[in-house]
Amino acid sequence: MIASKPLSMSLESQELLEVSTEKAELIEQLLAIGTALSSSNNLDELLHLILSKSREITCSDAGSVYLIDRSNVIPKLLFKVAQNDSLPRDSFQEFAMPLTKKSLAGYVALTGESLNLPDAYQLPSDVPYQLDRSFDTSMPYRTCSVLVLPMQDQDREIIGVLQLINRKVKSDIVLTQQNAMEVTQPYTEWEERIVRSLASQAAISIERNHLQKSIENLFEGFVKASVQIIEARDPTTSGHSERVADLTVRLSQEASAINVGPLRSIYFSDRQIQEVRYAALLHDFGKVGIPEAILGKQKKLYPSQLEVIRHRFALAQRTLEMECAQTKFKYLVEHPSHTHQDDSSSSGCSHCEKLEKIDTQLAQTIETLNYYWELLQELNEPDVLLTREFQAFSEETSAQLAALSQYTYRDVDGETKPLISQAEMEQLLIPRGNLTPQERLDIESHVTHTYHFLERIPWTKHLKGVPAIAYGHHEKLDGSGYPQGLKQDEIPIQSQILTISDIYDALTASDRPYKRRLPVNTVLHILRQEAAKNKINSDLVELFEQRQVFTVLGHTLPVDVHSVA
């Protein structure tokens, strides 16, 4: 008896050691599963991970995951993931099913109770649920032991159901209809507790994933709302932000796919692509701080200015006509005693000649006034001073403009005033575009406004580069851009990509009332010219053209008839 005691204690110690080792391994396995669950951001991957790890722990042949969809008035159960070791090639399709107590998953989802069934074919007659045998019939397959557990989040709300099927005696056994009852066994209470704990942890991970998705949707909604605000303020550029974003994303993806040459070091992850997309969508948001009159300006003069000038011309003409009538009346009053001669006489009527001369002078003056009005309307068009037709008459035009700037009229109060003010004349003489230097500075300030606005947003760490990317979209490689005057090494490559996309869309857009749309081949030529001047990245421009990034907008290059022939 004394000799056997150490042997008995040794066996007990060995058993305790084995149990402790198994528990330690299980704890390590659960910790590893928890780490894996917390690091997964893709819902589909997360659900597959939850199911595979649960099956691994319990040696289950198959299983499935259901999620509760409460997006509609009547909630439903979504069959999201299915796995089966014995039928690995079986195709799975997600589907929705009614959330009722008639199904195993539905019962657990509604009651929160676990179901541990030794044989799903042998159920008590008084239970409301039953196994749907359609899968077993169609495969064929034999469902035996089943463990169905609720997945509850930290608020104890059931968000889904984890279902494990056929706990096998050995993990490498392939289950058939013939051997199913022999190679499967019921789930133990211990396994139920472990998997239920794992299901709760999985539910928290799913909820975190949903929260992450909600945050992303929130950002997406915010960005879309911001773009709508921009377009509401500046309808002339409607759709510009979305088009630039599409071009920027495509060019970023193409650059990221390059493995050789000067662009080989560029690589963007999916999160970085999302970052540059947000920057492109919001690159013009600062325009909300620019006066609408400047944003919507189509000509050199504002409509209200042109209307005021038109009234001045009308008033000047009425004044001339009134003065002409007064001159004629005064002449007739001062020459009452002269005898009118017959109109048919050789010398004619001196009074008539005098009055006709006054009328002729009036007609000539009004004709000059009308010419000035037509000239003013022509000058009011953007870039008219750069057109070949207008340059042909530059000397004559300069003289006419000088005369127009000196032309005065008498206002209703009798005060003599210039027909065109100096400020208005300066606007009409803008050589390029339709903006004055101050208005152009106001427009350019939208970049700074954009940066300061975006900088105030608490972006996630994966999107923190959005403000800087948007801030650099008007910078040039040679330092001639604005607002910071950065040079190539200082400009983020994402901003350089955004710049090319922005220029392309600005030149090809058909919604700008102050300029005509240019064809694709012409715009590509302009981009090459800008690259040759070291204004924009030549490698990106070449990639933009070679990969025909513009096709993302439905644009195509014209077919060369000669090359086809």
Side-chain heavy atoms of Leu149 within contact of Val161, under 4.5 Å: no
Electrostatic pair Lys487-Glu490, nearest N-O below 4.0 angstrom: no
Test side-chain contact (heavy atoms from CB on, under 4.5 Å) applied to Leu543 and Ile258, step by step: CA-CA 10 Å; Leu543 181 65; Ile258 298 295; 4.0 Å; yes
Under 3.5 Å: donor-acceptor pair, side chain of Ser197, backbone of Arg193: no
Full working for side chain to side chain donor-acceptor pair (under 3.5 Å) between Thr508 and Arg517: CA-CA 5 Å; Thr508 57; Arg517 174 180 181 175; 5.6 Å; no
Main-chain N/O of Pro382 paired with Asn434 side-chain donor or acceptor, under 3.5 Å: no
Residue pairs, two or more places apart or on separate chains, that pass ring-ring contact (aromatic ring centres under 6.0 Å, His included) and touch residues 64-89: Tyr66-Phe79, Phe79-Phe92, Phe79-Phe95
Interatomic spacing from CG in Asn217 to NZ in Lys224 - rounded to 0.5 Å: 9.0 Å
Atom pair CD1 (Ile165) and OH (Tyr187), whose distance is rounded to the nearest 0.5 Å: 7.5 Å
Distance-minimising heavy-atom pair for Leu87 and Pro140: CD1-O, 4.5 Å
Could you pull out every donor-acceptor pair under 3.5 Å between side chains of residues 493-501 and any protein atom, sequence neighbours left out?
unit_1: Ser495; atom_1: OG; unit_2: Ile469; atom_2: O; d: 2.8
unit_1: Gln496; atom_1: OE1; unit_2: Asn537; atom_2: ND2; d: 2.9
unit_1: Gln496; atom_1: NE2; unit_2: Ile491; atom_2: O; d: 3.1
unit_1: Thr499; atom_1: OG1; unit_2: His473; atom_2: O; d: 3.0
unit_1: Thr499; atom_1: OG1; unit_2: Ser495; atom_2: O; d: 2.8
unit_1: Ser501; atom_1: OG; unit_2: Thr248; atom_2: N; d: 3.3
unit_1: Ser501; atom_1: OG; unit_2: Thr248; atom_2: OG1; d: 3.3
unit_1: Ser501; atom_1: OG; unit_2: Ile497; atom_2: O; d: 3.2

Check: Gln163 and Val65 side chains under 4.5 Å, non-hydrogen atoms: no
Validation row: Val148, Tyr107 side chains within 4.5 angstrom (heavy atoms): no
Under 3.5 Å: donor-acceptor pair, side chain of Ser252, backbone of Ile273: no
Side chain proximity check, Leu117 to Leu131, heavy atoms < 4.5 angstrom: no
pair Tyr504-Val520: side-chain heavy atoms closer than 4.5 Å: yes
Set of side-chain contact (heavy atoms from CB on, under 4.5 Å) partners for Glu207, sequence neighbours left out: Asp153, Ile159, His210
From Leu77 atom CG to Leu67 atom CG, the distance as rounded to the nearest 0.5 Å: 8.0 Å
Steps toward side-chain contact (heavy atoms from CB on, under 4.5 Å) verdict (Ser54, Leu162): CA-CA 9 Å; Ser54 299; Leu162 174 62; 3.4 Å; yes
Asp61/Arg55 salt bridge by N-O under 4.0 Å criterion: no
Straight-line distance of Gln83 CD to Ser60 OG, nearest 0.5 Å: 10.5 Å
Taking every non-hydrogen atom, the tightest pair across Ala199 and Pro150: CB-O, 3.8 Å
CA sep, side-chain torsions, deciding dist, call: Val108, Tyr129, side-chain contact (heavy atoms from CB on, under 4.5 Å): CA-CA 10 Å; Val108 172; Tyr129 50 82; over 6 Å; no
Under 3.5 Å side-chain donor-acceptor pair for Arg196 and Ser114: yes
Contact check, side chains of Arg167 and Leu147, non-hydrogen atoms, under 4.5 Å: no
Member of Arg250, Gln253, His555 meeting the side-chain contact (heavy atoms from CB on, under 4.5 Å) criterion with Val549: Arg250
Flag side-chain contact, heavy atom, 4.5 Å: Ile194 against Trp190: yes
Any Lys80 side-chain heavy atom under 4.5 Å of Ser64 side chain: no
Enclosure of Leu218 CG (heavy-atom neighbours >12, cutoff 6.0 Å): yes
side-chain contact (heavy atoms from CB on, under 4.5 Å) against Asp478, all qualifying residues, sequence neighbours excluded: Lys476, Ser480, Asn534, Lys535
Residue list, side-chain hydrogen bond (donor to acceptor under 3.5 Å, both in side chains) with Arg70, at least two apart or on another chain: Glu157
With sequence neighbours excluded, residues passing side-chain hydrogen bond (donor to acceptor under 3.5 Å, both in side chains) with Ser103: none
Nearest heavy-atom neighbours spanning Ile536 and Leu527: CD1-O, 3.6 Å
Atom of Arg142, atom of Leu175 and distance for their closest heavy-atom approach: O-CD2, 3.8 Å
Partner set under salt bridge (charged side-chain N to carboxylate O under 4.0 Å, His left out) for Glu444, not counting sequence neighbours: none
Polar side-chain atom of Thr184 near backbone of Ala180 as donor-acceptor pair, under 3.5 Å: yes
Nearest-0.5 Å distance, OG of residue Ser86 to CE of residue Met139: 12.5 Å
Results of side-chain hydrogen bond (donor to acceptor under 3.5 Å, both in side chains) for Tyr482 - residues two or more places apart only: His474
Check against side-chain contact (heavy atoms from CB on, under 4.5 Å), Ile290 and His449: CA-CA 9 Å; Ile290 309 300; His449 292 319; 4.0 Å; yes
Check: Gln274/Asp270 side-chain N/O donor and acceptor closer than 3.5 Å: no
Could you pull out all donor-acceptor pairs under 3.5 Å where a side-chain atom in residues 453-466 meets a protein atom, sequence neighbours excluded?
unit_1: Glu455; atom_1: OE2; unit_2: Tyr451; atom_2: OH; d: 3.0
unit_1: Trp459; atom_1: NE1; unit_2: Leu454; atom_2: O; d: 2.9

Contacts of type side-chain hydrogen bond (donor to acceptor under 3.5 Å, both in side chains), residue Glu545, not counting sequence neighbours: Arg528
Run the side-chain donor-acceptor check on residues 278-285: report pairs under 3.5 Å with partners two or more places apart or on a different chain.
unit_1: Tyr278; atom_1: OH; unit_2: Glu220; atom_2: OE1; d: 3.0
unit_1: His283; atom_1: ND1; unit_2: Ala280; atom_2: O; d: 2.5
unit_1: His283; atom_1: NE2; unit_2: His240; atom_2: NE2; d: 3.3
unit_1: His283; atom_1: NE2; unit_2: Asp502; atom_2: OD1; d: 3.4
unit_1: Asp284; atom_1: OD1; unit_2: His446; atom_2: NE2; d: 3.0

From CG (Leu247) to CG (Leu553), nearest 0.5 Å: 4.0 Å
Exercise: identify the closest heavy-atom pair between Gly485 and Glu475: N-OE1, 3.0 Å
Partners meeting salt bridge (charged side-chain N to carboxylate O under 4.0 Å, His left out) with Glu439 (sequence neighbours left out): Lys297
